Amino acid sequence: MKVLEEKHKLATRWFHWINFPILTLMIASGMLIYWSYDPYRIGLGDITLFHFFPDWFYDATHIDHKLAYGMALHFLFAWIFSFNGLAYVTYTVVSGEWRELAPEKKSFAEALQVVKHDMGLKVPLPPQGRYNAAQRITYSAIVVMGGLSLLTGLAIYKPAQLSWLTALLGGYEWARWEHFWLTMSYLGFFGIHIGQVIRAGWANFRSMICGYDVADATPEVKTHAG
Amino acid sequence: MPAEKLTPEQEIARRTRRSFMVMGGAAAAGLAGFGMLNAGSAAEGDIPPALRGVLGFNERVVRTALFSDNHLAKTYPASEIGKIKANGDVGIDEPLDPAAWHLEIVPFGASQPAGKLTMDDVRALPRFEETIDFKCVEGWSTVTQFAGARLADFTAKFAPGSEKADCVGMRTPDEEYYVGLDMPSALHPQTLLAYEMNGAPLNDQHGAPLRLVIPVKYGIKNIKRIGRIEYTNKRPDDYWAERGYDWYAGL
């Protein structure tokens, strides 16, 4: 017999789906800001493998000469990004759901098994709760990174009024560097995340939209019925 | 007649439809909101009024909750001084005639300049030296040493009582470049009327004979070649604020 099984709480889904467009806007407006001073690259010494960003990228995206507009957008959506993130963390702690999310001691060894399995190696998946070990680590890391984006952002935004914070993060220039690479990491996460969601299929994606999946009834569910 | 019970498949289809409708509604509301942010008429080059309002809100939050005279911009040893770019020549592109230069002051409540000062008047005030990280709104910064008189001392001496005004406005002699400052930032102890940079007299490119150095603001507020200082309750015009940037531009 089939039953509905709750996968994601309503609150979690709202926090997630609010964050998605807001983070997109933060990255987009951040690009408008970054354009006016774009020193970062992958390389060593005189050798540059990749400059963030090449001229063809600016030509294709037309993000040039929009610094003032970018700053205004960034300092508006930063409020929503921060409050949504803080509300999510508060909810996750208060509801106790953090227990299903935070990495456990065994998560790090298990995550390796998950990655091997996902890469097609014949490694069995360890038993898991709501999230597997790799998800526990990744989803927790992304929350911590969100907090770091807020802190490095504040350190760049008010380096005189919050000079202690700027100093803690290694100074003004390092804070901007950290802020940038956190952003690049989101884009890396996004690529893997989308790939995994596509692989997992429609039912998994649907559960993040409506909160439920259809599952085979287990004896426990039957005894709790009614 | 009892309602027919939905199968799990029907139930999840119903929930999925409902969730997509809610998401669609939320997305439409979000798009409409973003449209409203960008609506309204702004002067050529300026940002839309709603976004200007957001900057004003952020300014109030910062001025209420964060700004303090005790919060100082970090200072550096002279060994860390870098080579600062001369960004922007609006208002200083004509050669300076040092003999003709003077500084006009419009004290709080006056409508006309009350007097004309010379560099000797400014130099008579206590000299302060600071090595700070000069920050451009573009994102780069350079450690630079400046020396000059505190704007707070200058105000007390040449425009006593003007501290009561809300704002200070400054202009180049040709009135091409102009900035507006809130009074707390203007009276901040690190705010200088500078006449020396990196151990030498200020050169023309960097605003000789007298420029503003205000480390609690982006470089756009650090006006070069000051010709006039006015104390007022009305927010003075600001060159870059008219071009879309935050009027407050505080750090």
Side-chain angles (χ1 to χ4, degrees), chain A residues 1-6 10 13-14 17-18 20-22 25 33-39 65-80 154 156-164 166-167 171-173 176 180 202-203 205-217, chain B residues 6-9 11-20 22-23 26-27 30-31 34 37-38 45-48 50-55 57-58 61-62 65-68 71-74 132-133 135-141 185 188 190 214-217 240-241 243-246 249-251:
Chain A
M1 187 188 159
K2 301 276 186 193
V3 289
L4 281 191
E5 184 185 26
E6 189 174 32
L10 179 68
R13 286 178 279 137
W14 271 105
W17 289 111
I18 288 171
F20 172 58
I22 296 299
L25 282 164
I33 298 170
Y34 177 74
W35 170 85
S36 59
Y37 176 57
D38 62 348
H65 295 93
K66 297 183 178 73
L67 171 61
Y69 180 60
M71 290 176 87
L73 287 182
H74 210 66
F75 303 147
L76 163 62
F77 291 110
W79 284 107
I80 306 175
L154 285 170
I156 311 168
Y157 183 53
K158 298 294 166 205
Q161 305 310 320
L162 298 171
S163 57
W164 59 271
T166 312
Y172 185 70
E173 289 184 4
R176 193 175 190 261
F180 176 83
W202 166 249
F205 179 70
R206 183 182 56 187
S207 74
M208 197 59 204
I209 304 282
C210 77
Y212 289 85
D213 196 3
V214 178
D216 289 321
Chain B
L6 297 173
T7 66
E9 281 81 4
E11 172 72 12
I12 203 162
R14 191 181 63 89
R15 283 178 178 273
T16 304
R17 266 196 312 276
R18 198 173 59 188
S19 295
F20 269 115
V22 171
M23 277 183 99
L31 278 175
F34 192 74
L37 271 186
N38 290 292
D46 199 359
I47 53 171
L51 287 177
R52 180 64 65 191
V54 170
L55 295 180
F57 172 79
N58 289 351
V61 171
V62 169
L66 217 50
F67 183 88
S68 163
H71 292 165
L72 299 179
K74 189 187 172 190
I132 48 96
D133 191 32
K135 295 178 176 67
C136 180
V137 72
E138 293 170 350
W140 54 267
S141 63
S185 299
H188 186 277
Q190 289 178 308
I214 182 162
V216 295
K217 301 281 185 196
W240 284 109
R243 285 155 181 80
Y245 290 85
D246 183 14
L251 292 170

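The shown structure was predicted, so the numbers you read here are calculated from the model rather than taken from an experiment. We name chains A, B, ... by the order of the sequence lines, and we start the count at 1 in each one.
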Visitor: So does B:Val62 get a backbone contact from the side chain of A:Gln161, meaning a donor-acceptor N/O pair under 3.5 Å?
Guide: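 No; zero donor-acceptor contacts below 3.5 Å.
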
Visitor: For A:Tyr212 versus B:Ile12, what's the shortest heavy-atom pair and its separation?
Guide: O-CD1, 3.3 Å

Visitor: Compare all side-chain heavy atoms of B:Tyr245 with those of A:Leu67 and state whether any distance is below 4.5 angstrom.
Guide: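 B:Tyr245 reaches A:Leu67 side chain to side chain.
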
Visitor: Please report the C-alpha distance between A:Tyr69 and B:Asn38 in whole Å, then the side-chain angles of each, then the deciding distance to 0.1 Å, and finally whether the side-chain hydrogen bond (donor to acceptor under 3.5 Å, both in side chains) criterion is met.
Guide: CA-CA 10 Å; A:Tyr69 180 60; B:Asn38 290 292; 2.5 Å; yes

Visitor: Which bit of A:Leu162 comes within less than 4.5 Å of chain B, counting heavy atoms only: side chain, backbone, both or neither?
Guide: side chain

Visitor: Tell me the closest heavy-atom pair linking A:Trp17 and B:Met23, and the distance in Å.
Guide: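 Closest heavy-atom pair between A:Trp17 and B:Met23: CD2-CE, 3.4 Å.
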
Visitor: Specify which of A:Arg13, A:Lys158, A:Glu173 makes the most heavy-atom pairs with chain B at under 4.5 Å.
Guide: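 Of A:Arg13, A:Lys158, A:Glu173, A:Lys158 has the most heavy-atom pairs under 4.5 Å with chain B.
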
Visitor: Between A:Cys210 and B:Ser19, which heavy-atom pair has the shortest distance, and what is it?
Guide: CA-OG, 3.3 Å

Visitor: What heavy-atom pair brings A:Lys2 and B:Glu9 nearest, and what distance separates the two atoms?
Guide: CG-OE2, 3.9 Å

Visitor: Against chain B, work out which of A:Gly211, A:Ala160, A:Ala167, A:Ala72 has the most heavy-atom pairs shorter than 4.5 Å and name it.
Guide: A:Ala160

Visitor: Quick check for you: to the nearest 0.5 Å, what is the distance between B:Phe20 atom CZ and A:Arg206 atom CZ?
Guide: 10.0 Å

Visitor: Name the region of A:Trp14, side chain, backbone, both or neither, that has any atom closer than 4.5 Å to a heavy atom of chain B.
Guide: side chain

Visitor: Quick check for you: among B:Leu66, B:Asp133, B:Ile47, which has the greatest number of heavy-atom pairs under 4.5 Å with chain A?
Guide: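 Of the candidates given, the most pairs with chain A belong to B:Leu66.
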
Visitor: Going from CZ on B:Arg17 to CD1 on A:Ile209, what distance comes out if it is rounded to the nearest 0.5 angstrom?
Guide: 15.0 Å

Visitor: Which atoms of B:Ile132 are under 4.5 Å from chain A, going by heavy atoms: the side chain, the backbone, both sets, or neither?
Guide: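 Interface part for B:Ile132: neither.
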
Visitor: How long is the straight-line distance from CG of A:Leu25 back to CZ of B:Phe34, given to the nearest 0.5 Å?
Guide: 5.5 Å

Visitor: Atom CG of A:Leu4 and atom CZ of B:Arg15: how far apart are they, to the nearest 0.5 Å?
Guide: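 Answer rounded to 0.5 Å: 6.5 Å.
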
Visitor: Could you tell me which portion of A:Trp79 (side chain, backbone, both or neither) has an atom closer than 4.5 angstrom to a non-hydrogen atom of chain B?
Guide: side chain

Visitor: With only heavy atoms counted, which part of A:Phe77 is less than 4.5 Å from chain B, the side chain, the backbone, both or neither?
Guide: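 Contact with chain B is through the side chain of A:Phe77 alone.
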
Visitor: Under a 4.5 Å heavy-atom cut-off, does chain B meet the side chain of A:Tyr172, its backbone, both or neither?
Guide: side chain

Visitor: Which of these, B:Asp246, B:Leu55, B:Val137, sits in a side-chain contact (heavy atoms from CB on, under 4.5 Å) with A:Met71?
Guide: B:Val137

Visitor: Checking B:Arg243 against chain A: side chain, backbone, both or neither under 4.5 Å from a heavy atom?
Guide: backbone

Visitor: Which pair of non-hydrogen atoms, one from B:Asn58 and one from A:Phe75, has the smallest distance, and what is that distance?
Guide: ND2-O, 3.1 Å

Visitor: Measuring from A:Trp164:CH2 to B:Lys74:NZ, what's the distance to the nearest 0.5 Å?
Guide: 15.5 Å

